[in-house]
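Since the structure comes first, as structure tokens, the remarks are kept for the end.
Along the sequence shown, residues carry numbers from 1. Source: prediction; values computed, not measured.
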Amino acid sequence: MDSLLVSASRSEDEDSSAGHKRSLSQGSGLVPKRRSSSRFIKRKKFDDELVESSLAKSSSRARGPSGGESGRLSGSEPSSSEKKKQVSKTVPTPAPPSPAPSPSITKRIKKSKQPLQVTKDLGRWKPSDDLLLINTVLQTNDLQAVHLGVKFSCRFTLNEIQERWYALLYDPVISKLSCQAIRQLHPEAIAAIQSKVLFSKAEEQLLSTIGSSSQPTLETFQDLLSKHPEVFYMSRTAKSLQVHWQLMKQYYLLEDQTVQPLPKGDQVLNFSDAEDMLDDTKLRDSRDEVLEHELTVADRRQKREIRQLEQELHRWQVLVDSITGMSSPDFDTQTLAVLRGRMVRYLMRSREITLGRATKDNQIDVDLSLEGPAWKISRKQGVIKLKNNGDFFIANEGRRALYIDGRPVLPGSKWKLSHNSVVEISGLRFVFLINQDLIALIKAEAAKMIPS
């Protein structure tokens with residue numbers, strides 16, 4: 001009985017509080033907006049929610065869709081999550097003011113809104129150039145000397161060097177990017193750049209105190225470096241001081257050196273006098289015995305080849321003449337026939353001649369390579385013979401077929417040649433011309449020799 005009274009009093013209190021809040025919201029005229037999102041947030045479910053979801057699925061399958069509350073038994077108590085949902089639906093809570101963002105978050109937002117600075121887009125100036133420019137200007141305080149004496153990664157004009165120096169001084173963006181890039185350089189690269197820094201006037205003045213007639217050693221320059229550490233640059237070594245001192249001595253920049261003036265009057269040496277003083281014998285090249293020996297050997301080889309060609313002249317039975325406007329007539333008293341091409345003509349002065357491609361090991365009568373490309377022609381392509389009856393025959397002894405007036409002559413075959421026959425050998429065309437008068441005489445002598 002007491003439990004029933006307590007539950008009844010609780011329900012009355014809840015109804016009164018709910019009615020009071022509803023009247024406040026109606027009186028103020030504010031209609032609470034339902035916050036919704038299209039994004040699905042997956043979160044883990046509690047044990048009671050898992051049980052209720054399973055009951056809701058089973059009840060929905062049994063009853064079907066309904067407008068009332070689904071998935072809850074009549075005697076079951078609402079879960080904690082459902083209570084929160086009911087309270088959020090019934091009680092319109094005002095939206096809490098957004099908390100002020102922390103300073104770290106504001107910095108991140110500002111950094112994200114700022115455009116990204118591209119560190120690579122520094123133009124032609126590299127970090128090594130910037131470091132060398134800074135060190136050299138601080139050492140010499142003279143941009144003109146920097147332009148004349150410093151070798152950068154590429155050629156810069158004096159105006160470009162001035163603009164870069166002023167940008168490093170007064171442009172915060174460029175100076176910041178340059179400093180970041182310089183910090184990323186390797187220590188060895190930094191040491192190499194510092195070794196290229198020009199010498200200041202104070203350094204050269206101390207070096208000039210060493211006499212030109214003396215023979216200073218590395219210990220001398222090391223003592224000078226240890227006595228004046230505030231004058232010399234931090235990367236100076238005894239070896240670098242010695243090298244620079246030698247350059248100063250070469251150009252007469254030491255204190256005890258004076259530049260010799262030019263001679264005056266007639267003592268000035270002009271170009272013609274200097275040319276007369278030259279000794280031609282000293283300008284001649286010395287004898288090279290190895291070269292002379294090679295030249296004599298080459299001379300002997302050429303003479304031997306000429307002698308061999310002269311000995312083979314009597315073996316040649318075919319004369320090859322170039323076709324020119326002043327060419328000799330085709331036939332004479334010793335020419336039996338002519339094989340005329342586009343560039344050359346071959347005179348047949350014996351009863352049998354060989355056609356082909358001449359090589360060092362194979363000598364033939366008619367070299368067809370003089371007419372044109374003969375790489376498809378065999379070294380011994382064919383033989384032309386004159387028989388006693390005055391007929392000419394050609395025998396194919398090569399690998400490819402010949403064509404006589406358009407008719408193929410296969411390898412190993414023979415064909416009769418007539419006057420004005422067209423002979424085609426691997427794309428080279430020739431016209432075969434017969435000396436009719438000489439052939440007629442040959443036929444007449446052959447007929448006399450045959451007994452009747």
Side-chain angles (χ1 to χ4, degrees), residues 309 312-450:
L309 292 174
E312 293 175 358
L313 280 176
H314 66 278
R315 300 179 185 178
W316 292 358
Q317 298 176 356
V318 177
L319 299 180
V320 181
D321 298 333
S322 299
I323 297 178
T324 59
M326 302 298 293
S327 61
S328 59
D330 291 335
F331 303 113
D332 53 13
T333 56
Q334 296 179 357
T335 303
L336 299 175
V338 175
L339 191 65
R340 177 182 289 178
R342 184 175 61 88
M343 299 297 295
V344 295
R345 62 191 181 98
Y346 305 94
L347 305 180
M348 182 175 177
R349 292 185 176 180
S350 63
R351 289 180 174 268
E352 181 178 347
I353 60 173
T354 57
L355 311 175
R357 176 168 49 85
T359 59
K360 293 182 179 180
D361 302 332
N362 182 34
Q363 298 296 331
I364 56 175
D365 299 328
V366 178
D367 186 8
L368 299 177
S369 61
L370 299 175
E371 174 65 19
W375 58 277
K376 290 185 179 180
I377 298 175
S378 302
R379 283 175 288 184
K380 189 176 181 181
Q381 185 67 48
V383 178
I384 298 177
K385 291 184 180 180
L386 174 63
K387 294 190 175 182
N388 294 331
N389 58 359
D391 296 334
F392 289 89
F393 284 86
I394 182 170
N396 187 0
E397 297 182 0
R399 297 182 180 180
R400 289 180 173 83
L402 306 178
Y403 294 89
I404 308 299
D405 295 330
R407 298 177 182 179
V409 180
L410 301 178
S413 303
K414 296 182 180 179
W415 194 265
K416 182 181 178 181
L417 293 174
S418 58
H419 188 61
N420 288 328
S421 293
V422 178
V423 181
E424 183 176 353
I425 305 172
S426 297
L428 302 179
R429 291 186 178 183
F430 303 92
V431 178
F432 187 74
L433 303 176
I434 301 175
N435 191 353
Q436 301 290 347
D437 298 336
L438 188 56
I439 297 302
L441 294 175
I442 292 174
K443 288 181 179 181
E445 291 181 357
K448 292 178 181 179
M449 294 176 62
I450 295 175

Looking at every non-hydrogen atom in both residues, tell me the closest pair between [X] and [Y] and how far apart they are.
| X | Y | result |
| --- | --- | --- |
| K380 | N362 | N-ND2, 4.3 Å |
| Q381 | R400 | NE2-O, 3.3 Å |
| P411 | G398 | CB-O, 3.3 Å |
| T335 | L438 | O-CD2, 3.4 Å |
| R351 | M348 | O-CE, 3.7 Å |
| F430 | L368 | CZ-CD2, 3.7 Å |

request  = Please test S369 against D367 for side chain to side chain donor-acceptor pair (under 3.5 Å), starting from the C-alpha separation and ending with a verdict.
outcome  = CA-CA 6 Å; S369 61; D367 186 8; 2.8 Å; yes
Would you say [X] and [Y] make side-chain contact, with heavy atoms under 4.5 Å?
| X | Y | answer |
| --- | --- | --- |
| L386 | I439 | yes |
| T354 | I384 | no |
| L417 | V423 | yes |

Hey, what do you get for [atom1] ([X]) to [atom2] ([Y]), rounding to the nearest 0.5 Å?
| X | Y | atom1 | atom2 | answer |
| --- | --- | --- | --- | --- |
| I425 | N396 | CD1 | CG | 8.5 Å |
| L347 | D365 | CG | CG | 12.5 Å |
| S350 | L336 | OG | CG | 7.5 Å |
| R357 | S426 | CZ | OG | 10.0 Å |
| L410 | L402 | CG | CG | 9.5 Å |

task = For V383 and E352, run side chain to side chain contact (heavy atoms under 4.5 Å, CB included): C-alpha distance rounded to whole Å, both residues' side-chain angles, the deciding distance at 0.1 Å, then the answer.
result = CA-CA 7 Å; V383 178; E352 181 178 347; 3.5 Å; yes
Would you check if the side chain of [X] reaches a backbone N or O of [Y] as a donor-acceptor pair within less than 3.5 Å?
| X | Y | value |
| --- | --- | --- |
| H419 | I434 | yes |
| S421 | F432 | no |
| E371 | R342 | yes |

task = Using the ring of F392 (Phe, Tyr or Trp, six-membered ring only), decide whether K416 places NZ or CZ under 6.0 Å from its centre and within 45 degrees of its axis.
result =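 Judged by the rule, K416 and F392 form no cation-pi pair.
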request  = Report the residues that fulfil side-chain contact (heavy atoms from CB on, under 4.5 Å) with K414, sequence neighbours left out, ordered by chain and then residue number.
outcome  =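 With neighbours one apart ignored, the set is A395.
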Check against side chain to side chain contact (heavy atoms under 4.5 Å, CB included), I404 and I394 = CA-CA 9 Å; I404 308 299; I394 182 170; 4.2 Å; yes
